[in-house]
Amino acid sequence: MSDAKSPWGGRFEKSPGKFLTEFGASLPVDQRMWAEDIRGSIAHARMLALQGVISESDADSIESGLSEIYREINAGEFEWQIADEDVHMAIERVLTERIGPAGARLHTARSRNDQVATDTRLYAKGRASDLAYRIQCVRQSALSLAEKHFGVVMPGYTHLQKAQPVLFSHHMLAYAWMLTRDFTRVRHAYEAADVLPLGSAALAGTTFPLDRAYVAGRLGFASVSENSLDAVSDRDFLLDIAYACAVCQVHLSRLAEELIIWSSDEFGFVTMDDEFSTGSSIMPQKKNPDFAELVRGKTGRVIGDLASLLITLKGLPLAYNKDMQEDKEVVFDAIDTLANSLRAMSGMLDSMRVNADRMLAGAQGGFMAATDLADYLVGKGVPFRDAHEVVGRLVLACERDGLNLQELTAEQYLEHDARFGSDVLDAVDIDGIVARRISAGGTGHDAVRTQIQAQRDALAADEAWLEAAAD
Ligand code: ARG
């Protein structure tokens, strides 16, 4: 433990011992915000000098001292001490040890309460744009699969029972649209974080004539907070990013679940690349989709991170309470976990083999032409409910005889019901079934072609936002 005097030493006769010092410290968690802390402090010092609160030469020494610390931390040469409690105190202590009174002036008109909110917002903005980038990658992987395997037909399911044939592209694009909404949620989290709290001081503002707009401009914040009590108590921006992470992770989990099912021997729709699979220590034949399972498995934690932060905040009176120090550990975990899961998922999608023949074979079975057969009868003037009944009985008979609807001859159809004509075989042709889904947003070839273009356009529009945000 450092024997340096505590920053609030004046008021105290005793200090917490080793255990409580470690219990109270957030340094191991918030250390990663060091670059944001230094940026924020330089902006604050420069503003104080412009406003005549500290001298230009003090601001110069602060800036050069902090630049030196920046270099050291970046090079891994900085000596962190848990007794400093958090990243903010650690950097300020070392600065003051080195440059003396100028360093001790840095904290004028500032509290750790507005400092921690500022650093966390800067950090959240950076991570939100990184997540947005990684979401784009998975979206692109899904879109590329849709483009590359256009025309491949697979069974579509409800209740995990075969329902109607769909294009594999359509299925992949469903995930691209989920990820499109994830992008929007992460973008919203970025924008929610884009407000400067610095200048709120501990809770009530300060007696010094601050230029908050200048600091906001320097740090790249879009606006300045309107209420100092709210500014130091608000963690909505972290809830927003935790929620965005939880929803996106749930989407990845659903996709992971499909990859796990599809890569089973029973389905065989896809083959995962060896790089994304592991073996068994006892069963030589095993090839397990471990990484897809992990993406699914980590989802519980990310949902827990969101719940944890909501619960931390729910009983807190205004303004800052030490409970809020618990915010970062869970949010950082949610962000890190999602970032890694996105990275793993785009690798899985890019490298997996799509087995078109197995998908088509799956689409031939399961009586998936039944709805189209009923629609066919409707076309012959049969009311839909009656048509449903006729086809239902036909399916029952086929099931008894071990036949599927593609294996029946036109005569057999006619035998079953006189309203079936010689054109009935077209109604049960799998490609034809898909092609007839002409409604916008459906699985028909033209609708999916339109959809691919719409997803390309949406991807490009989001890319433009991302490039501007990452600047
Ligand atoms: N380490 C704290 C956190 O992460 C910042 C300090 C807040 N201020 C205070 N008075 N303890 O929330």
Side-chain angles (χ1 to χ4, degrees), residues 1-2 4-12 14-16 18-41 44 69 73 78 80-96 104 106-127 193 195-206 225 228-239 241-242 305 308-336:
M1 207 204 295
S2 161
K5 178 161 116 355
S6 130
W8 41 78
R11 160 84 178 70
F12 287 82
K14 268 168 90 178
S15 49
K18 182 172 184 301
F19 165 69
L20 288 176
T21 300
E22 286 174 6
F23 183 66
S26 56
L27 184 66
V29 173
D30 60 32
Q31 196 174 321
R32 59 162 87 186
M33 303 196 305
W34 62 269
E36 288 77 10
D37 192 73
I38 289 175
R39 269 183 75 199
S41 288
H44 182 67
I69 291 174
I73 300 178
F78 189 83
W80 297 101
Q81 290 181 8
I82 195 81
D84 287 324
E85 187 181 323
D86 59 26
V87 65
H88 325 290
M89 305 301 290
I91 291 174
E92 191 191 318
R93 175 184 58 79
V94 172
L95 177 73
T96 307
L106 168 62
H107 211 56
T108 311
R110 182 176 84 170
S111 157
R112 260 188 310 158
N113 299 347
D114 55 347
Q115 189 181 1
V116 70
T118 302
D119 294 1
T120 310
R121 281 173 178 273
L122 281 173
Y123 182 81
K125 281 176 63 183
R127 293 304 302 272
V195 181
L196 174 79
L198 201 64
S200 301
L203 74 165
T206 164
S225 58
S228 59
L229 283 169
D230 181 36
V232 292
S233 316
D234 174 23
R235 294 294 183 272
D236 292 0
F237 66 103
L238 290 180
L239 287 173
I241 199 161
D305 290 332
S308 169
L309 183 57
L310 282 164
I311 296 164
T312 299
L313 294 171
K314 80 175 252 299
L316 296 186
L318 302 185
Y320 180 85
N321 299 270
K322 184 75 166 177
D323 315 46
M324 291 164 74
Q325 180 167 290
E326 293 295 309
D327 60 357
K328 287 172 283 298
E329 191 163 352
V330 289
V331 173
F332 293 173
D333 180 63
I335 295 172
D336 293 346

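Read the numbers this way: they start at 1 and go in the same order the structure lists the ligands and their atoms. Remember, predicted model here, so these are calculated numbers, not experimental data.
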Practice item. Without swapping roles, check the side chain of Ser200 against the backbone of Gly205 for a donor-acceptor pair under 3.5 Å. Key: no
Revision key, fill the gap. Tyr320 meets the ring pair (Phe, Tyr, Trp, His ring centres under 6.0 Å) criterion, sequence neighbours left out, with none
Point to revise | Close side-chain approach of His44 and Gln115, heavy atoms under 4.5 Å | key: no
**Study point:** Residue pairs fulfilling salt bridge (Lys or Arg N to Asp or Glu O under 4.0 Å) with at least one residue in residues 112-123, sequence neighbours excluded
**Key:** Glu85-Arg112, Asp86-Arg112, Arg121-Asp234
Does ligand 1 have any N/O pairs with the protein under 3.5 Å, and how far apart?
| residue | atom | partner | partner atom | Å |
| --- | --- | --- | --- | --- |
| ligand 1 | 1 (N) | Ser26 | OG | 3.0 |
| ligand 1 | 1 (N) | Asp86 | OD2 | 2.8 |
| ligand 1 | 1 (N) | Gln325 | OE1 | 2.9 |
| ligand 1 | 4 (O) | Lys328 | NZ | 2.8 |
| ligand 1 | 8 (N) | Asn113 | OD1 | 2.8 |
| ligand 1 | 12 (O) | Tyr320 | OH | 2.5 |

Revision key, fill the gap. Sequence neighbours excluded, the answer for side-chain hydrogen bond (donor to acceptor under 3.5 Å, both in side chains) partners of Glu329 is none
Practice item. Ignoring hydrogens and angles, state whether a donor on the side chain of Arg110 or Ser41 is under 3.5 Å from an acceptor on the partner side chain. Key: yes
